[in-house]
Amino acid sequence: MILAEAPRFTHESVLLSEVLDLLITERQGLYLDATLGLGGHAQAVLKRLAPTGKVLGIDADPEALSAARLRLQGEGDRFHAILSNFRDLSSVLEREQFYPLAGAMFDLGVSSLQLDKPERGFSFRFEGPLDMRLGPNSKLTAETIVNRWPSEQIALILKEYGEERDADKIARAIVSRREKKLFSTTTDLATLVESLVPRAGNHPATRTFQALRIAVNQELDVLPKGLESALSFLKPGGRLCVITFHSLEDRIVKNAYTSFVAQGQCNWVGGNADRGLVLPTTEETQRNPRARSAKLRVIEKYQGGPHS
């Protein structure tokens, strides 16, 4: 099968000015970008820092990591990028001796590099394999889930990770269809879901694809550990910024932050009365539609820890 050609992708870092204003408190400090992506936030942070300020970037996607390294190759030893997942954040920071941190950020969105490349299988907009892995070494793919998992398990992830109201109906239809012919492409699955779910705003397959991506990469399972690790390596006055793109991520971040505050480790920074919530401006959402669902939450550490 010849894959459809994707349009040339562009990527604009979401909530960039807000992140820079809220994250950077020390221009000579060490900053962590735990979800490096194409390096947009990291590049902007480096421009804002003094010559002695440094950024360490981590990403599980080797293709994104290569793009970021190329983009920031002129920064010399001010920038270093590592292939890893933020579930291993503590060991990476220990090994690199990159602490105490003046700030850390997580941008939990999927990048244009991933969404707009058919062969990655993240999007229902292009025909491609049902892959959805952020890192190529992971054994689990979306194709494995839809072709092998029982109906009850598929329905469960569609409910929990996609908040899909028609989860049971979709899961049953997937199992019924695969008995005749296995699923192999993104458009194959999207067409089935579209025939079952009424269109109301977003494409009917949006929630299904979100759920599969989260399940394949265990995104929500590793997020709490990543946040705890980042906070433990912050110095007093250091800040933790997290950008989320759907309610499940935001709920985990808000709950984790609330727990940190209750334990006397930090306080909320910026935003409105809703737990430091910062939203993109109308101008940004009009310019960059992918920013519409973005939410930024920030906390500041005011109590020393083992790495302070």
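Numbers here are sequence positions counted from 1.
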> Ignoring hydrogens, what is the shortest heavy-atom contact between Leu65 and Ala81? Give both atom names and the distance.
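The answer is CD1-CB, 3.8 Å.
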> Ala44 and Leu16: which non-hydrogen atoms are nearest, and at how many Å?
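Minimum heavy-atom contact is CB-CD1, 3.6 Å.
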> Would Arg207 and Asp166 pass as an ion pair if we require N to O under 4.0 Å?
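Salt bridge absent between Arg207 and Asp166.
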> List, one per line, each side-chain donor-acceptor pair under 3.5 Å for residues 219-227, sequence neighbours excluded.
| unit_1 | atom_1 | unit_2 | atom_2 | d |
| --- | --- | --- | --- | --- |
| Glu219 | OE1 | Arg213 | NH2 | 2.9 |
| Glu219 | OE2 | Arg213 | NE | 2.8 |
| Lys225 | NZ | Arg87 | O | 3.4 |

> How many angstroms lie between atom CE of Met105 and atom OH of Tyr31, to the nearest 0.5 angstrom?
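It is 12.5 Å, given to the nearest 0.5 Å.
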> Where do Leu30 and Tyr99 land on the side-chain contact (heavy atoms from CB on, under 4.5 Å) test, with the steps shown first?
CA-CA 7 Å; Leu30 303 178; Tyr99 62 83; 5.6 Å; no
> With rounding to the nearest 0.5 angstrom, report the CG to CG distance, Asp33 to Asp107.
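Rounded to the nearest 0.5 Å, the CG-CG separation comes to 7.5 Å.
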> Check Asp188, Thr206, Leu189 against Phe124 for a side-chain contact (heavy atoms from CB on, under 4.5 Å) and give me the one that passes.
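Looking at Asp188, Thr206, Leu189, the match for Phe124 under the side-chain contact (heavy atoms from CB on, under 4.5 Å) is Thr206.
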> Working to the nearest 0.5 angstrom, can you tell me the gap between Thr244 OG1 and Asp250 CG?
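Going from the OG1 atom of Thr244 to the CG atom of Asp250 covers 4.0 Å.
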> Verify side chain to side chain donor-acceptor pair (under 3.5 Å) between Gln28 and Glu26, making sure each step is shown before the conclusion.
CA-CA 6 Å; Gln28 299 81 19; Glu26 179 186 334; over 6 Å; no
> Could you grab the distance from atom OG1 of Thr285 to atom CD of Glu283, nearest 0.5 Å is fine?
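With rounding to 0.5 Å, OG1 (Thr285) is 9.0 Å from CD (Glu283).
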> Looking at Arg133 and Glu63, is there a salt bridge between them, counting it only when a charged N and a carboxylate O are closer than 4.0 Å?
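No, Glu63 and Arg133 are not salt-bridged.
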> How far apart are the closest heavy atoms of Gly29 and Ala102, and which atoms are they?
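Shortest heavy-atom separation between Gly29 and Ala102 comes out as CA-CB, 4.0 Å.
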> Work out which heavy atom in Val278 is nearest to a heavy atom in Leu15; give both atom names and the distance.
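Of all heavy-atom pairs spanning Val278 and Leu15, the closest is O-CD1, 4.3 Å.
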> Can you confirm whether Arg165 is buried at CZ, in the sense that more than 12 heavy atoms of other residues, nucleotides or ligands lie under 6.0 Å from that atom?
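Open: at most 12 neighbouring heavy atoms sit under 6.0 Å from CZ of Arg165.
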> Please enumerate all residues that pass side chain to side chain donor-acceptor pair (under 3.5 Å) together with Lys159, with sequence neighbours excluded.
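Partners of Lys159 by the side chain to side chain donor-acceptor pair (under 3.5 Å) criterion, ordered by chain and then number, come out as Asp168.
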> With distance as the sole criterion, is a donor-acceptor pair present between the side chains of Glu127 and Thr186 under 3.5 Å?
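No pair is found: no donor N or O on one side chain lies under 3.5 Å from an acceptor on the other.
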> Decide, yes or no, whether a salt bridge links Asp21 with Arg48 under the criterion of side-chain N to carboxylate O below 4.0 Å.
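Between Arg48 and Asp21 there is a salt bridge, with a charged N closer than 4.0 Å to a carboxylate O.
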> Assert yes or no for the condition that the ring centre distance of Phe106 to Phe86 is strictly below 6.0 Å.
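They qualify: ring centres under 6.0 Å apart.
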> What is the minimum heavy-atom distance between Pro280 and Ala291, and which atoms define it?
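Answer, listing the atom of Pro280 first, then Ala291: CG-O, 3.1 Å.
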> Going by the side-chain contact (heavy atoms from CB on, under 4.5 Å) test, name the single residue among Val298, Val261, Leu240 that passes it with Cys266.
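The side-chain contact (heavy atoms from CB on, under 4.5 Å) with Cys266 is passed solely by Val261 among Val298, Val261, Leu240.
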> Check whether more than 12 heavy atoms from other residues, nucleotides or ligands sit under 6.0 Å from atom CZ of Arg148, and answer yes or no.
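No, the 6.0 Å shell around CZ holds no more than 12 heavy atoms from other groups.
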> If Ile, Leu, Val, Met, Phe, Trp and Tyr residues are connected whenever their side-chain heavy atoms lie under 4.5 Å apart, and connections chain through other members, are Leu156 and Leu158 in the same group?
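As far as the 4.5 Å side-chain criterion goes, Leu158 and Leu156 are not connected within one cluster.
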> Carefully, step by step, assess Gln263 and Ser259 under the rule side chain to side chain donor-acceptor pair (under 3.5 Å).
CA-CA 6 Å; Gln263 294 169 27; Ser259 176; 2.7 Å; yes
> Could you tell me whether Arg199 and Glu194 have a side-chain N and a carboxylate O separated by less than 4.0 Å?
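Yes, charged N to carboxylate O under 4.0 Å.
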> Can you tell me how far the CG atom of Leu182 sits from the CZ atom of Arg178, to the nearest 0.5 Å?
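Between atom CG of Leu182 and atom CZ of Arg178 there are 8.5 Å.
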> Minimum heavy-atom separation for Arg239 and Leu23, please, with both atom names.
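It is O-CD1, 3.7 Å.
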